[in-house]
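Each remark here refers to the structure printed beneath this line.
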Amino acid sequence: MTTANVLVRSATTADVPSIWALREPLIEKRVLLGRELVEIYESVQELMVAVSPDGHVLACGALHVMWKDLAEVRSLVVSETARGLGLGSKIVEGLLARAKALGIKRVFCLTFETGFFEKLGFEVIDDTPVDAETYAEMVRSSDEGIAEFLDLARVKQNTLGNSRMLKLL
């Protein structure tokens, strides 16, 4: 298979069971945060998928808006059988295009795959790149990804070994 015959598109509700199955092995390895199936359906509009010509979801990823100029690339997964084909890059490129269209200026990710994201222009950061007023607003969110971005103590167990990365658009 080549990437030439793989379609990268917005996810649909029909893709959710496949996205769920694609995520499960990484959740079991504690590479991805587990989410309830209902949460995947609720966030389907954030997701993009790479689909083979026969309709199988080979990769997925999401863009989650965190603030007026800030979003997160999250839940990037490529199936074992499709690794090395560049599908992860295609998904991230699609998510970055979506971010630009929304007026996002900065895109964050929390990842073990720093080399992959560096190739796409992300840089490792040490701090939380928001001012105190924005931090005070964002801390009110119940979203675990935002808690990880803010480096809150209650999610430290989720972020051990991950690198915080940022790309300016």
Side-chain angles (χ1 to χ4, degrees), residues 7-13 15-16 19 22-23 26-27 30-36 38-51 57 59-78 86-169:
L7 175 65
V8 175
R9 60 166 172 76
S10 294
T12 66
T13 56
D15 298 320
V16 170
I19 292 167
L22 197 58
R23 292 171 42 86
L26 293 178
I27 292 168
R30 299 184 55 87
V31 173
L32 277 183
L33 279 179
R35 299 208 188 279
E36 298 295 333
V38 67
E39 292 177 285
I40 305 298
Y41 279 108
E42 288 173 340
S43 62
V44 72
Q45 71 279 359
E46 297 180 351
L47 290 155
M48 294 190 82
V49 291
V51 183
V57 175
C60 65
L63 181 76
H64 182 75
V65 175
M66 301 170 82
W67 199 248
K68 66 181 178 182
D69 67 337
L70 179 67
E72 178 186 14
V73 168
R74 57 169 61 168
S75 300
L76 182 64
V77 180
V78 178
L87 298 181
S89 295
K90 285 187 172 268
I91 294 281
V92 173
E93 288 165 6
L95 296 172
L96 294 175
R98 201 180 261 184
K100 285 179 186 174
L102 290 170
I104 300 297
K105 303 292 184 217
R106 301 174 299 159
V107 179
F108 168 80
C109 69
L110 185 67
T111 184
F112 293 107
E113 303 295 335
T114 55
F116 170 80
F117 281 98
E118 283 172 346
K119 288 178 187 173
L120 296 171
F122 287 76
E123 295 180 5
V124 174
I125 58 172
D126 294 323
D127 60 348
T128 303
V130 294
D131 59 50
E133 183 180 327
T134 302
Y135 183 96
E137 289 293 327
M138 290 178 78
V139 79
R140 296 176 182 187
S141 175
S142 61
D143 185 273
E144 291 295 300
I146 291 178
E148 290 172 346
F149 171 76
L150 297 174
D151 206 21
L152 301 180
R154 69 179 168 87
V155 293
K156 288 284 189 193
Q157 72 277 6
N158 297 338
T159 61
L160 295 176
N162 280 302
S163 293
R164 301 158 59 76
M165 301 185 79
L166 191 71
K167 178 179 175 77
L168 302 177
L169 301 181

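The analysis underlying the following values was restricted to heavy atoms, covering all of them including side chains, and did not include hydrogens, waters or symmetry mates. We number each residue from 1, following the sequence as shown.
- The CG atom of Leu70 lies 9.5 Å from the NE2 atom of His64; values are rounded to the nearest 0.5 Å.
- Here the straight-line distance linking atom CD of Glu113 with atom CG of Leu120 works out to 12.0 Å at 0.5 Å rounding.
- Annotation for Glu137: atom CD counts as buried by contact number, over 12 foreign heavy atoms lying within 6.0 Å.
- Residues meeting the salt bridge (charged side-chain N to carboxylate O under 4.0 Å, His left out) test with Glu36, sequence neighbours left out: none.
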Worked verdict on Thr114 versus Phe122 for side chain to side chain contact (heavy atoms under 4.5 Å, CB included): CA-CA 8 Å; Thr114 55; Phe122 287 76; over 6 Å; no
What donor-acceptor contacts under 3.5 angstrom involve side-chain atoms of residues 96-110, with partners at least two apart or in another chain?
| unit_1 | atom_1 | unit_2 | atom_2 | d |
| --- | --- | --- | --- | --- |
| Arg98 | NH1 | Gln45 | O | 3.3 |
| Arg98 | NH1 | Glu46 | O | 3.1 |
| Arg98 | NH2 | Ser10 | OG | 2.7 |
| Arg106 | NE | Asp69 | OD2 | 3.4 |
| Arg106 | NH1 | Pro129 | O | 2.3 |
| Arg106 | NH2 | Asp69 | OD1 | 3.2 |
| Arg106 | NH2 | Asp69 | OD2 | 3.4 |

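- Checked against Ile40 for a side-chain contact (heavy atoms from CB on, under 4.5 Å), the options Leu47, Asp15, Thr13 give a single hit: Leu47.
- Of all heavy-atom pairs between Ile91 and Ala50, the closest is CD1-N, 3.6 Å.
- Distance alone, capped at 3.5 Å, is enough to place a donor-acceptor pair between the Ser43 side chain and the Glu39 backbone.
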Worked verdict on Met165 versus Ile125 for side chain to side chain contact (heavy atoms under 4.5 Å, CB included): CA-CA 5 Å; Met165 301 185 79; Ile125 58 172; 5.9 Å; no
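- Residues Phe117 and Val124 form no side-chain contact, since every pair of their non-hydrogen atoms from C-beta on lies 4.5 Å or further apart.
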Met48 and Lys90: CA distance, side-chain angles, deciding distance, side chain to side chain contact (heavy atoms under 4.5 Å, CB included) verdict: CA-CA 10 Å; Met48 294 190 82; Lys90 285 187 172 268; over 6 Å; no
Residues Ile146, Glu72; criterion side chain to side chain contact (heavy atoms under 4.5 Å, CB included); working and verdict: CA-CA 9 Å; Ile146 291 178; Glu72 178 186 14; 5.8 Å; no
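- In terms of heavy atoms, Val51 sits closest to Arg9 at CG2-NH2, 3.6 Å.
- For residues 118-129, the set of pairs meeting the side chain to side chain donor-acceptor pair (under 3.5 Å) definition, not counting sequence neighbours, comprises Thr128-Arg164.
- Going from atom CD1 of Ile27 over to atom CG of Leu33 covers 8.5 Å, rounded to the nearest 0.5 Å.
- When all heavy atoms of Leu76 and Gly88 are compared, the closest pair comes out as CD1-O, 4.1 Å.
- Side-chain atoms of Leu32 and Val77, non-hydrogen and from C-beta on, do get closer than 4.5 Å to each other.
- Arg35 approaches Ser75 most closely through the heavy-atom pair NE-OG, 4.5 Å.
- Here the shortest heavy-atom pairing between Cys60 and Val49 reads CB-CG1, 4.0 Å.
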